[in-house]
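Working notes, structure below.
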Amino acid sequence: MSDAGAPVVLRAEGLQRRFRMGREQVQVLQGADLVLRAGETVAVMGRSGAGKSTLLHLLGLLDRPDEGRLQLDGVATAGLSRGARARLRNRLVGFVFQFYHLLPELNALENVLLPRRIAHGPLRWMSERRAAREQARTLLDELGLADRARHRPSRLSGGERQRVAIARALVSRPRLLLCDEPTGNLDERTSEVIADQLFDLSARHGTTLVLVTHDRDFAARAGRLLWLHDGRLQPLDPGPRPPETTGKTGVPRALQSPP
Amino acid sequence: MYRPFLATRYLVARPVSYLAIVAIMLGVGALIVVVSVMNGFLRETRSIVRGTTADVVVIPLQSAGGDFIANRADFERVVGSHPGVAAACSRLVRPAVAKVHGQANLSLNDSLASSLNHLLVLGIDPSAETRVSDLPRYLQQVEVPELRVADVADPFRLDRKRIRDRKLANADLPHVLVGELRMLQQRLLPGDALELVTLPDDADLTGGTLASRTETCVIAGAFRTGKYDYDVGTIFLDQQDFRAWSGTRQELSEMAVTARDPAALPALRDGLLAALDAARLPARVQTWEDRNSMYLGAVENERNILAFVLGLFVLLTCTITFSMLTMMVQEKVRDIGILSAMGASAVGVGGLFATCGLFVAGLGGLSGWLAGEAVARHVDGVKTWIEETFEIEIFNKEVYAFTTLPSEVNTRLDLAIVAATLVFSVIICLVPAWRAARMDPVEALRHE
């Protein structure tokens with residue numbers, strides 16, 4: 001559970017994002033507000049197509065909002081160039097995707113080291129390499145992949161691949177870890193292990209964790225639960241049991257009759 | 001630091017990148033070999049042409065009707081006293097037809113023998129000639145020993161015992177030098193007779209009966225310059241014998257001049273022209289390059305055309321890199337999204353693919369340079385190997401003077417070829433690299 005007095009890592013106000021689908025304009029986000037503090041864990045739930053991935057892309061500076069303001073680590077990102085956003089993303093944000101997105105040409109260790117390579121020029125990398133490698137190995141070790149470091153993704157199981165992806169997301173010690181359905185492609189037991197490790201590691205590294213998931217048990221472990229509906233984020237009290245959705249609308253009961 | 005690292009991994013994992021490297025290597029290598037061989041050809045050809053032509057040739061303008069006969073003494077005085085002239089000698093020149101073994105009349109109708117029918121007879125003074133041309137060397141480099149002259153210092157001398165026709169043995173006949181190739185083709189030996197037929201100065205070419213002038217000559221020996229048409233189409237005759245045979249009143253047809261400074265021939269040409277003009281001696285003056293400009297120009301032209309065609313081939317191989325990169329960018333859309341998510345900038349992503357193109361072009365160009373220069377330096381060995389292995393003839397020694405395939409490696413030129421390949425590759429690789437850089441990372445991540 002996060003400390004209300006902890007420093008703000010991310011502040012988003014009135015985020016709007018529209019997409020053009022053929023001739024139609026689809027308003028995916030219609031003014032989403034969010035404040036994330038250091039070390040906080042937040043789960044975002046919502047129906048398919050509600051704009052959860054879009055929200056993550058905006059928070060991670062991969063995409064720009066049409067309206068609204070976004071501050072990351074105290075930096076207003078609106079006027080930043082593409083290059084400056086890329087540097088900020090490299091330094092402050094880690095991504096974990098549903099389909100792992102490892103580079104098939106690289107082995108596990110090289111995949112984990114990639115954000116560090118991207119961060120440094122050749123000279124800096126020469127001096128940083130040893131330390132970075134050490135850190136990556138430690139991370140892989142913590143995730144139980146010490147003996148898989150030299151394996152290519154094609155020789156790893158789904159769970160192992162996702163753990164490599166988590167190590168890759170954490171190797172730069174980001175302030176913010178954005179996970180887009182990290183267990184969506186895994187079986188139940190593996191999902192549990194991954195979830196444990198994700199919460200454990202982000203707690204230990206003091207990383208703010210944002211989870212987009214359909215898995216209620218997984219979401220319920222987060223400190224805060226948000227429901228993305230009609231393009232806005234609404235708080236959701238996890239209560240004693242995970243929220244149930246009505247079959248038709250997909251809106252949880254807790255929201256239909258607000259407390 | 002990820003660009004060279006990832007570019008290497010991307011290339012190693014794709015067979016098509018090896019193909020692109022090999023294609024560029026072949027293109028660059030072939031261009032280097034061809035340019036080297038053609039430059040070698042040009043060098044050899046120039047040295048051969050150089051040998052058969054004096055530095056500068058002075059040709060008095062004289063009318064065929066005999067209204068003006070160039071005064072040999074005047075010309076020799078003006079040309080000989082020019083400060084840029086090291087040596088000069090006068091020559092007489094006349095076209096002729098040769099009758100060999102008494103049967104040349106038949107060969108006049110033979111198109112295959114046409115090159116043998118046209119002759120240019122040079123009336124020379126052997127001692128003066130050696131000062132301006134390589135005559136002694138031509139006499140020495142005859143390949144068949146039986147055909148060589150008895151004495152290089154006095155080339156027209158012939159032992160009477162070698163005259164095989166008894167009827168001619170006691171006659172005082174003029175002696176000639178014949179090109180080795182003609183002697184081999186017509187099966188002639190020193191001591192054999194040759195009839196030279198020409199027309200007198202005042203020959204009536206308006207339809208009346210032509211009275212030809214014929215002289216039976218004895219071959220003293222052969223010469224070999226290495227220039228095919230010269231070795232087949234030229235006969236040397238002593239100037240005294242030349243006058244008796246042709247009955248000409250003209251005293252000189254041309255003057256061959258050796259320059260003091262072989263590097264300043266155009267200046268010497270202009271200086272001689274001015275001096276002759278001042279002495280009211282009408283003449284044309286040509287350097288050896290002027291004289292053979294068509295011939296040298298043809299070889300140069302051939303080199304340039306081959307270089308142009310192979311240059312296009314190199315450009316073509318660069319486009320293989322282009323298609324390889326275009327395919328790679330299409331294949332790697334998801335990677336572009338992932339790299340962006342990890343903080344790679346647009347410039348960085350574009351640079352990654354440009355680096356791939358640079359690596360392919362660099363490796364291809366470098367290996368092409370090494371392979372091309374290696375082959376160019378040992379091109380004769382390669383030629384011999386191919387000829388022996390496949391039993392084919394690539395290079396006809398009969399046509400060219402040189403027995404080995406010449407080659408002149410110019411490393412600076414070769415490196416310029418490699419550099420041009422690199423520059424062109426990088427320029428066309430910027431197109432797919434630009435596409436990769438402009439890709440929207442979110443779209444790229446969603447790409448299936």
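Note on naming: letters A, B, ... go to the chains in the order of the sequence lines (proteins, then strands), and numbering restarts at 1 for each one.
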Counting heavy-atom pairs under 4.5 Å with chain B, the top scorer among A/L88, A/I118, A/T54, A/D63 is A/I118
request  = Measure the shortest side-chain to side-chain distance between A/H101 and B/M342 over non-hydrogen atoms and say whether it is less than 4.5 angstrom.
outcome  = no
So, the part of A/R168 with a heavy atom under 4.5 Å from chain B: the answer is side chain
Output for pair (B/R446 CZ, A/H57 NE2), nearest 0.5 Å, gives 6.0 Å
In terms of heavy-atom pairs under 4.5 Å with chain A, the winner among B/A341, B/A346, B/S345 is B/A341
CZ (A/R85) and OG (B/S340) are apart, to the nearest 0.5 Å, by 12.0 Å
### Query
Is the closest side-chain heavy-atom distance between B/P441 and A/R82 below 4.5 Å?
yes
>> Counting only heavy atoms from other residues, nucleotides and ligands, does the tally under 6.0 Å from CZ of B/R438 exceed 12?
In response: no
Rounded to the nearest 0.5 Å, the CD atom of B/E443 sits from the CG atom of A/L62 at a distance of 12.0 Å
| task | Find out whether B/L6 and A/R117 are in side-chain contact, i.e. whether some heavy atom of one side chain is under 4.5 Å from a heavy atom of the other. | result | no
request  = Apply side-chain contact (heavy atoms from CB on, under 4.5 Å) to the pair B/L339 and A/L114, showing each step before the final yes or no.
outcome  = CA-CA 8 Å; B/L339 289 169; A/L114 204 50; 3.8 Å; yes
- Message: Are more than 12 heavy atoms, taken from residues, nucleotides or ligands other than A/W125, located less than 6.0 Å from that residue's CH2 atom?
- Response: yes
Worksheet entry | More than 12 heavy atoms of other groups within 6.0 Å of A/H214 NE2 | yes
Using a 6.0 Å cut-off, check whether atom CZ of A/R11 has over 12 heavy atoms from anything other than its own residue. no
Okay, A/P104 and chain B: the region with an atom under 4.5 Å from a heavy atom over there is side chain
Is it the case that atom CD in A/E24 sees more than 12 heavy atoms from other parts of the structure closer than 6.0 Å? no
Applying a strict 4.5 Å limit to non-hydrogen atoms, the region of B/A13 in contact with chain A is side chain
Looking only at A/R116, A/R91, A/E110, the option with the highest number of non-hydrogen pairs under 4.5 Å against chain B is A/E110
Separation between CG (B/L11) and CD (A/E105), nearest 0.5 Å, reads 10.0 Å
Query raised in the report: Is a side-chain N or O of B/R9 found less than 3.5 angstrom from the main chain of A/L106, in a donor-acceptor match?
Result: no
Given A/A84, A/G94, A/P122, the one with more heavy-atom pairs under 4.5 angstrom with chain B than any other is A/P122
Rounded to the nearest 0.5 Å, the CZ atom of B/F5 sits from the CG atom of A/L113 at a distance of 8.0 Å
